[in-house]
Amino acid sequence: MGCFTFVKLMMVLFNLLIFLGGLTLLAMGIWVSVDGGSFLRVLGPFSSQGMQFVNVGFFCIAIGAVLVLLGLLGCCGAHKESKCLLLTFFSIILIIFIAEVAAAVVALAYSSFAEGILRAWATPALQKEYGSDQVVTKIWNTTMTELNCCGFTNYTDFVGSKFEKDNGGSLPPTCCWTNSSPCSPDEAERSAKPGCFKNMLKTLKEHANIVGGIAAGIGILEIAAMVVSMYLYCHLDNRIS
């Protein structure tokens with residue numbers, strides 16, 4: 001077996017795994033989005049913790065669709081020896097890799113800038129959608145409970161919000177150390193619970209080795225996929241010439 005044939009076979013097998021993984025993720029995302037109750041019944045005793053998974057159904061669908069597309073491009077490109085498909089596969093992986101590197105640079109070197117971007121999304125959601133939008137409410141409740149925090153910056157994110165007005169001036173229970181209603185702004189101020197963004201940064205720093213290892217592993221796989229696809233592309237070019 002020649003080097004080209006071996007690389008081609010590995011490319012097909014690797015992308016077949018990506019395709020199957022994406023298909024599984026896509027199917028699960030559709031399931032939890034369409035029939036979350038049935039999904040929770042399958043979880044059985046873990047159903048209470050599983051509620052948060054229902055909220056990420058569309059996220060699973062998006063990631064699954066991208067993986068399915070990449071798997072198809074990689075498999076078909078290598079199997080049919082198509083330069084167009086291989087170049088498309090390489091380009092998509094390169095775009096994803098550049099986006100990941102850019103996001104990492106912004107998050108690490110310009111944390112204040114990243115905080116501003118996230119706040120521009122989070123604050124309006126807390127002011128207008130928390131308490132009325134079921135998905136947004138569950139996501140924030142899970143985040144605030146797990147990280148023992150309040151709002152994005154602090155309790156002031158809820159002051160003047162639709163939730164406060166609908167609940168007679170009370171803030172979410174997680175904003176007070178008693179974790180119970182009513183939670184007035186004065187009591188929330190005395191509780192001084194930190195914002196979730198600060199706790200997220202703290203959690204990431206505490207698990208920096210794990211996060212860095214996972215990020216490095218993903219980066220290595222992406223670089224390997226680009227190298228292999230470009231090798232096949234160039235080899236086909238040499239064969240044609």
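- For the 3.5 Å distance criterion, the side chains of S184 and D186 fail to qualify, holding no donor opposite an acceptor.
- Side-chain contact between K193 and Y155 is absent, with no heavy atoms from C-beta onward closer than 4.5 Å.
- Within the model, atoms OG of S229 and NZ of K83 stand 13.5 Å from one another, a figure rounded to the nearest 0.5 Å.
- In this structure, CD1 in I63 is found 11.0 Å from CG in L26, a value given to the nearest 0.5 Å.
- A distance of 10.0 Å separates CD1 in I92 from CG in L87, rounded to the nearest 0.5 Å.
- Going from atom CZ of F19 over to atom CG of L70 covers 12.0 Å, rounded to the nearest 0.5 Å.
- Grouping the Ile, Leu, Val, Met, Phe, Trp and Tyr side chains by contacts below 4.5 angstrom, directly or via other members, places V227 with V101.
- A donor-acceptor pair is defined here as one N or O able to donate and one able to accept, closer than 3.5 Å; such a pair exists between the side chain of Q127 and the backbone of V159.
- In this structure, T123 contributes its side chain and A120 its backbone to no donor-acceptor pair below 3.5 Å.
- Hydrophobic clustering (side-chain heavy atoms under 4.5 Å, transitive across Ile, Leu, Val, Met, Phe, Trp, Tyr) keeps L221 apart from V12.
- Distance check, rounded to the nearest 0.5 Å: OH of Y130 to NZ of K162 gives 12.5 Å.
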Next on the checklist: What verdict does the side-chain contact (heavy atoms from CB on, under 4.5 Å) test give for M144 and N141, after you've listed the backbone C-alpha separation in whole Å, the side-chain angles of each residue and the deciding distance to 0.1 Å?
Outcome noted: CA-CA 5 Å; M144 291 190 295; N141 282 341; 3.8 Å; yes
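- A ring pair (Phe, Tyr, Trp, His ring centres under 6.0 Å) check over residues 65-96, counting only residues at least two apart or in different chains, returns nothing.
- Of the possible polar contacts, one joining the E164 side chain to the G160 backbone as a donor-acceptor pair under 3.5 Å is found.
- How far CG of L67 is from CG of L72: 11.0 Å, rounded to the nearest 0.5 Å.
- Between C150 and C196, the gamma sulfurs sit at a distance of 2.5 angstrom or greater.
- The closest donor-acceptor contact from the side chain of S191 to the backbone of W177 lies under 3.5 Å.
- A donor-acceptor pair is defined here as one N or O able to donate and one able to accept, closer than 3.5 Å; such a pair exists between the side chain of D133 and the backbone of V136.
- Judged by distance alone, with hydrogens and angles left aside, the side-chain atoms of T145 form no donor-acceptor pair with the main-chain N or O of T142 at under 3.5 Å.
- Under the 4.5 Å side-chain criterion, counting only non-hydrogen atoms from C-beta, E222 is in contact with I96.
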